[in-house]
Every structure is written in C-alpha cells, then in structure tokens.
Peer 1: 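The structure under discussion is supplied below as structure tokens; questions concerning it will follow.
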Amino acid sequence: DVQLQASGGGVVQPGGSLTLSCAASGFSIADYAIGWFRQAGQEREALSCIMSSERTTWYGASAKGRFTISSDTDKNTVYLQMSSLRSGDTAVYSCAAILRSNIATVKHCYADAMPYWGKGTQVTVSS
C-alpha cells in the first residue's frame with residue numbers, strides 16, 4: 001500500500017527557512033519519482049521533483065534558486081529545503097509519487113499524472 005506523509009510545515013517569518021519531509025511507506029522511493037506541490041486557492045503548483053535512483057531533479061520557476069529537493073533512500077524520505085521564504089509561499093504543501101517507469105523524465109512530474117498523494121502540510125509565511 002503506497003503511502004506518503006508530508007510534515008514539517010509551520011509558521012515562519014519572511015526571509016526564513018523551513019524543511020519539509022515526505023516519508024514514504026509501502027514502496028521504495030528509488031523506484032518512483034517524488035514531487036512536491038503546493039496549493040493556495042484553486043490552482044496546484046508543481047515545485048520540484050526527484051528521481052533518487054537517477055539522481056536527477058527538476059525545479060519549477062517558483063522553487064528555482066530558493067528550494068532544494070533531496071532524498072535519503074535509507075530513510076525512504078524526500079525533503080524540500082526552502083529558504084528566503086515570502087508571503088507568496090504560504091500554501092498547503094504536498095508530496096506525490098509516480099512509478100519511475102511511468103514518466104519520461106523528472107521534468108514530467110505533472111500534478112495530474114501523479115497517482116499517489118500524501119496529506120499536505122500547511123506553510124504560513126507571516127511576520
């Protein structure tokens with residue numbers, strides 16, 4: 001049973017940092033692409049994606065230069081380190097997974113394509 005659990009959200013001041021964790025169970029992250037997404041309002045935005053076995057990553061425009069995705073296959077967990085946070089980063093952050101063989105490259109971690117989702121964690125950037 002594929003399960004994902006996002007954690008690490010909270011309230012942080014503008015300019016601060018936060019690291020989110022996505023703990024996977026029921027499967028090995030080495031066999032999947034894991035993506036981070038966020039939603040504030042109606043639209044879900046893709047932030048970053050990683051294929052641990054191939055050591056490839058992708059970043060969306062909002063994440064590039066400020067966020068870093070990484071993974072620990074021993075802990076079966078994917079992380080999203082976020083820095084220089086601003087009010088526009090306030091959202092519910094979720095992680096999702098897709099079997100590695102079901103997408104062409106790490107750039108193709110589209111929200112609509114991800115079959116497995118974890119419950120999100122709230123990130124609020126506020127002074």
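All heavy atoms count here, side chains included; hydrogens, waters and symmetry mates do not.
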Peer 1: In a table with atom names and distances, give each donor-acceptor pair under 3.5 Å that connects a side chain of residues 96-105 to protein atoms at least two apart or in another chain.
Peer 2:
residue : atom : partner : partner atom : Å
Arg100  : NE   : Ser53   : OG           : 3.2
Arg100  : NH1  : Glu54   : OE2          : 3.2
Thr105  : OG1  : Lys107  : N            : 3.1
Thr105  : OG1  : His108  : ND1          : 2.8

Peer 1: Given Leu47 and Phe37, is the side-chain contact (heavy atoms from CB on, under 4.5 Å) satisfied, shown in steps?
Peer 2: CA-CA 5 Å; Leu47 295 172; Phe37 302 81; 5.8 Å; no
Peer 1: Enumerate the residue pairs fulfilling side chain to side chain donor-acceptor pair (under 3.5 Å) with a member in residues 112-124, sequence neighbours excluded, ordered by first and then second residue.
Peer 2: Gln122-Thr124
Peer 1: Identify, with sequence neighbours excluded, every residue that meets side chain to side chain contact (heavy atoms under 4.5 Å, CB included) alongside Val106.
Peer 2: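 Listed in chain order: Cys49, Met51, Thr56, Trp58.
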Peer 1: With the side chain counted from C-beta on, respond yes when Ser62 and Arg38 share a heavy-atom pair under 4.5 Å apart, and no when they do not.
Peer 2: yes
Peer 1: Please collect all disulfide bond (SG atoms under 2.5 Å apart) contacts where either partner lies in residues 8-48, sequence neighbours excluded, each pair once.
Peer 2: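 Matches after skipping sequence neighbours: Cys22-Cys95.
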Peer 1: Filter on salt bridge (Lys or Arg N to Asp or Glu O under 4.0 Å), then keep only pairs touching residues 5-29, sequence neighbours left out; what's left?
Peer 2: none
Peer 1: In the hydrophobic clustering (ILVMFWY, side-chain contacts below 4.5 Å, transitive), which residues join Val92, or is it alone?
Peer 2: none
Peer 1: Please report the interatomic distance OG(Ser48) to CD1(Ile34), rounded to the nearest 0.5 Å.
Peer 2: 11.5 Å
Peer 1: Establish whether Trp36 and Met114 are linked, either directly or via other cluster members, by ILVMFWY side-chain heavy-atom contacts under 4.5 Å.
Peer 2: no
Peer 1: Only counting residues at least two apart or in another chain, list the ones meeting side chain to side chain contact (heavy atoms under 4.5 Å, CB included) with Ser25.
Peer 2: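 Result, side chain to side chain contact (heavy atoms under 4.5 Å, CB included) vs Ser25: Gln3.
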Peer 1: How far apart are the C-alpha atoms of Ser83 and Ser17, what are their side-chain angles, what is the distance that settles it, and do they pass the side-chain hydrogen bond (donor to acceptor under 3.5 Å, both in side chains) test?
Peer 2: CA-CA 4 Å; Ser83 63; Ser17 301; 5.0 Å; no
Peer 1: Under the rule for side chain to side chain donor-acceptor pair (under 3.5 Å), what residues qualify as partners of Tyr32, not counting sequence neighbours?
Peer 2: none
Peer 1: According to side chain to side chain contact (heavy atoms under 4.5 Å, CB included), who are the partners of Thr57, at least two apart in sequence or on a separate chain?
Peer 2: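 Per chain and number, Thr57 pairs via side chain to side chain contact (heavy atoms under 4.5 Å, CB included) with Ile50, Tyr59, Ile69.
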Peer 1: How is the hydrophobic cluster of Tyr110 composed, in terms of its other members, when Ile, Leu, Val, Met, Phe, Trp and Tyr link through side-chain heavy atoms under 4.5 Å apart, directly or indirectly?
Peer 2: none
Peer 1: Identify the heavy atoms of Ser52 and Ser71 that sit nearest to each other, and give their distance.
Peer 2: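 Nearest heavy atoms, Ser52 then Ser71: OG-OG, 2.8 Å.
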Peer 1: Just distance, no hydrogens or angles: give the donor-acceptor pairs under 3.5 Å from side chains in residues 74-82, sequence neighbours left out.
Peer 2:
residue : atom : partner : partner atom : Å
Asn76   : OD1  : Ile29   : N            : 2.9
Asn76   : ND2  : Ala24   : O            : 3.1
Asn76   : ND2  : Phe27   : O            : 2.7
Thr77   : OG1  : Lys75   : O            : 2.9

Peer 1: Test your reading of the model: is there a side-chain donor-acceptor pair from Ser28 to the backbone of Ala30, 3.5 Å cut-off?
Peer 2: yes
Peer 1: Could you list the residues that satisfy salt bridge (charged side-chain N to carboxylate O under 4.0 Å, His left out) with Arg66, not counting sequence neighbours?
Peer 2: Asp89
